[in-house]
Peer 1: 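First the structure, which I've put down as structure tokens, then a few questions once you've had a look.
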Amino acid sequence: PFASMKRLAFPGVHTLNIAYFIYFTAFGAMEFTLVFLAAEHLGYGPRQNAYMFVFIGLTIAFVQGGIVRRLVPKIGEKKVASLGMALTVPGFIGIAAVTRVESAALLYASLALVSIGSSLVMPSFSSLASRYVPDDRQGFALGVFRSFGSLARVLGPLAGGLLYYGLGSYAPYALGAGVLLIPLMLAKGLPEPAAAPGD
């Protein structure tokens, strides 16, 4: 995807793809190690872990189905994505704190922030990836964008596992919260899609 991105010389495209890649890598690290944390610090078994992921899935479905489509027309994809990342950061910090206080309530509150945040980021970034390019390049642009997501799905769990068992169970989330500040800052510098080619 890095080589293909060079063929998309349009304002905002490169920054968007890098921001998405960093965000999704950190998210993948959190997602992959979550069951380890729940088992180690809260004694969760398969049933409790299933409930946890059902909660995440329902939260994401509710936000994407009912909130994002109403929020984007009002404030735009760029602000919605930035809001989502701003919510994800304290969510990661809260998950890291679970390794110290071992509170299920804190875990679920943190997962709510992370789920809401990712529900705002993912569709907003995907929309921007298509709106930053002319109509005849949208398919290619979205292909590159999703390739960065696929690469993040590989690197995120790998990094998460190494951090979890190498530095400690808090590491994927505490360090991930710091890493998430990078795409948050990058997103604030994105151009408004109305000024991009193809609009």
Side-chain angles (χ1 to χ4, degrees), residues 1-2 16-64 81 84-126 129 143-184 186-187:
F2 290 97
L16 175 70
N17 282 322
I18 296 302
Y20 174 64
F21 172 69
I22 296 172
Y23 179 87
F24 208 33
T25 298
F27 187 89
M30 178 280 301
E31 189 178 41
F32 178 74
T33 56
L34 193 57
V35 291
F36 305 148
L37 177 144
E40 179 180 349
H41 293 282
L42 298 174
Y44 279 15
R47 177 175 294 181
Q48 290 90 345
N49 280 326
Y51 290 153
M52 181 174 64
F53 282 105
V54 167
F55 171 78
I56 293 171
L58 289 176
T59 303
I60 290 174
F62 172 76
V63 175
Q64 288 189 346
M85 284 183 280
L87 291 173
T88 307
V89 171
F92 269 52
I93 294 172
I95 297 173
V98 171
T99 65
R100 298 292 185 261
V101 301
E102 299 189 337
S103 165
L106 177 59
L107 176 63
Y108 270 84
S110 302
L111 290 177
L113 289 175
V114 170
S115 301
I116 294 169
S118 67
S119 300
L120 298 176
V121 172
M122 301 303 185
S124 298
F125 271 5
S126 182
V144 172
F145 176 79
R146 300 198 183 283
S147 293
F148 275 104
S150 298
L151 183 59
R153 283 189 180 277
V154 174
L155 298 181
L158 177 62
L162 291 173
L163 289 171
Y164 191 98
Y165 290 107
L167 297 181
S169 57
Y170 70 94
Y173 323 106
L175 295 178
V179 169
L180 286 173
L181 297 177
I182 299 173
L184 178 57
L186 290 174

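Any value given below was found using the heavy atoms of this structure, including those in side chains, with hydrogens, waters and symmetry copies removed. Position 1 is the first residue of the sequence, and the numbers go up from there.
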Peer 1: Drop me the distance from Gln64's CD to Ser124's OG, to the nearest 0.5 angstrom.
Peer 2: 9.0 Å

Peer 1: With a 6.0 Å cut-off on the ring centroids, do Tyr20 and Phe145 count as close?
Peer 2: yes

Peer 1: Quick check: does any side chain N or O of Ser126 sit under 3.5 Å from a backbone N or O of Met122, one acting as donor and the other as acceptor?
Peer 2: no

Peer 1: Does Tyr173 reach the side chain of Leu37, with side-chain heavy atoms less than 4.5 Å apart?
Peer 2: yes

Peer 1: When you look at OH of Tyr165, are more than 12 heavy atoms from neighbouring residues, nucleotides or ligands closer to it than 6.0 Å?
Peer 2: yes

Peer 1: For the side-chain contact (heavy atoms from CB on, under 4.5 Å) test, which of Ile60, Leu120, Val63, Leu87 pairs with Ser115?
Peer 2: Ile60

Peer 1: Test Leu111 against every option in Ile95, Leu106, Val98, Ile116 by the side-chain contact (heavy atoms from CB on, under 4.5 Å) rule and name the one that passes.
Peer 2: Ile95

Peer 1: Report yes or no: does Thr99 contribute a side-chain atom to a donor-acceptor pair with the main-chain N or O of Ala96 at less than 3.5 Å?
Peer 2: yes

Peer 1: Angle class for the Phe32/Phe36 ring planes (parallel below 30°, perpendicular above 60°, tilted otherwise)?
Peer 2: perpendicular

Peer 1: For the atom pair CG (Leu180) and CD1 (Ile93), what is the distance rounded to the nearest 0.5 Å?
Peer 2: 9.5 Å

Peer 1: State, yes or no, whether a side-chain contact exists between Thr88 and Tyr23 at a heavy-atom distance under 4.5 Å.
Peer 2: yes

Peer 1: Distance from Leu155 atom CG to Ile22 atom CD1, nearest 0.5 Å?
Peer 2: 12.0 Å

